[in-house]
Amino acid sequence: QVQFVESGGGLVQPGGSLTLSCATSGIIVSDYNMGWHRQAPGKKREWVATITRDNGTNYTDSVKGRFIISRDNAKNTVYLQMNSLKLEDTAVYFCNEPLGLAFTWGQGTQVTVSS
């Protein structure tokens with residue numbers, strides 16, 4: 001029923017920028033708090049950012065001031081703008097609700113930061 005399709009990942013240099021998109025189906029995103037999560041090689045998936053139904057935002061400490069989460073309710077799409085990228089941002093990025101418990105995970109999109 002609910003599907004998330006992440007896109008926009010790629011290979012970037014440290015200090016570069018990238019914007020990820022999450023196209024959704026089966027839900028109306030304006031009815032949900034939404035978030036981005038990431039999983040680096042050999043590590044557990046971690047929460048990165050949240051945008052609430054009221055467009056409030058919150059971020060994990062390591063990305064504060066660098067990443068911006070947003071949504072376009074008319075398009076049922078969530079975005080993550082990533083600036084000043086660091087090597088440690090390398091991971092597969094996923095979208096879901098902030099706790100990652102209500103819906104099935106999508107395939108994610110790979111972000112690789114390398115010099």
Side-chain angles (χ1 to χ4, degrees):
Q1 179 71 56
V2 177
Q3 184 177 359
F4 303 118
V5 180
E6 300 92 344
S7 63
L11 176 64
V12 297
Q13 296 186 53
S17 297
L18 202 61
T19 298
L20 308 182
S21 297
C22 172
T24 75
S25 61
I27 61 169
I28 301 174
V29 297
S30 62
D31 291 339
Y32 294 87
N33 300 332
M34 294 294 296
W36 284 93
H37 311 252
R38 66 187 180 187
Q39 186 169 22
K43 297 184 178 179
K44 298 190 303 179
R45 183 159 42 210
E46 65 171 339
W47 165 82
V48 174
T50 290
I51 184 164
T52 69
R53 294 179 299 169
D54 297 325
N55 283 328
T57 59
N58 199 15
Y59 303 88
T60 192
D61 285 344
S62 64
V63 310
K64 285 180 179 177
R66 300 189 297 119
F67 289 12
I68 302 172
I69 185 172
S70 62
R71 71 203 308 165
D72 185 333
N73 290 335
K75 296 180 179 178
N76 264 357
T77 299
V78 184
Y79 304 95
L80 185 68
Q81 181 181 335
M82 304 183 295
N83 304 306
S84 301
L85 283 161
K86 303 176 179 180
L87 298 179
E88 53 264 41
D89 295 319
T90 295
V92 178
Y93 284 72
F94 303 85
C95 66
N96 210 316
E97 58 88 24
L99 297 180
L101 298 176
F103 306 117
T104 301
W105 298 95
Q107 83 288 347
T109 186
Q110 175 72 51
V111 172
T112 302
V113 184
S114 177
S115 60

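Along the sequence shown, residues are numbered consecutively beginning with 1. It should be emphasised that the depicted structure is a prediction, and the values quoted were computed from it without experimental measurement.
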* Could you tell me the separation between the CG atom of Asn58 and the NZ atom of Lys64, rounded to the nearest 0.5 Å? => 6.0 Å

* With side chain to side chain contact (heavy atoms under 4.5 Å, CB included) as the test, would you mind laying out the steps for Val5 and Gln107 before giving the verdict? => CA-CA 7 Å; Val5 180; Gln107 83 288 347; 4.0 Å; yes

* **Min side-chain heavy-atom separation Thr57-Phe67 under 4.5 Å** => no

* Expected output: side-chain Tyr59 to main-chain Ile69 donor-acceptor under 3.5 Å -> yes

* When you measure from the side chain of Asn76 to the backbone N and O of Ile28, does any donor-acceptor pair fall under 3.5 Å? -> no

* To do: Grab the two heavy atoms, one from Ala49 and one from Leu80, that are nearest each other, plus how far apart they are.
  => CB-CD1, 4.4 Å

* Asked: Side chains of Glu6 and Trp36: closer than 4.5 Å at any heavy-atom pair?
  -> yes

* Hey, are the side chains of Asp89 and Arg66 touching, using non-hydrogen atoms and a 4.5 Å cut-off? -> yes

* Can you see which heavy atom on Thr77 is nearest to which on Ala23, and at what distance? => OG1-CA, 4.2 Å

* To do: Flag the pair Leu11 / Ser114 as yes when at least one side-chain heavy-atom distance between them is below 4.5 Å, and no otherwise.
  => yes

* Asked: Should we say atom CG of Leu87 is surrounded by more than 12 heavy atoms from elsewhere, each under 6.0 Å from it?
  -> yes

* Using a 4.5 Å cut-off on heavy atoms from C-beta on, say whether the side chain of Arg38 contacts that of Val63. => yes

* **Heavy-atom pair of closest approach, residues Ala40 and Ala91** => N-CB, 3.8 Å

* Indicate if Val111 and Val92 have the same hydrophobic cluster label, given that clusters are the connected sets of ILVMFWY residues with side-chain heavy-atom separations under 4.5 angstrom. => no

* Find out if a path of hydrophobic residues (ILVMFWY) with successive side-chain heavy-atom gaps under 4.5 Å connects Ile68 to Val78. => yes

* Asked: Heavy atoms, side chains only, cut-off 4.5 Å: are Phe103 and Glu97 in contact?
  -> yes

* Asked: Do Val113 and Lys86 have side chains that get closer than 4.5 Å, going by heavy atoms?
  -> no

* **side chain to side chain contact (heavy atoms under 4.5 Å, CB included) evaluation trace for Phe4 with Ile27** => CA-CA 10 Å; Phe4 303 118; Ile27 61 169; 4.0 Å; yes

* **All side-chain contact (heavy atoms from CB on, under 4.5 Å) counterparts of Arg45, not counting sequence neighbours** => His37, Gln39, Phe94, Trp105

* Report yes if some heavy atom in the side chain of Leu99 is under 4.5 Å from a heavy atom in the side chain of Trp47; otherwise report no. => no

* Nearest-0.5 Å distance that lies between atom CG in Asp72 and atom SG in Cys22 -> 12.5 Å

* Determine whether the side chains of Thr52 and Asn33 contain a donor N or O and an acceptor N or O closer than 3.5 Å. => no

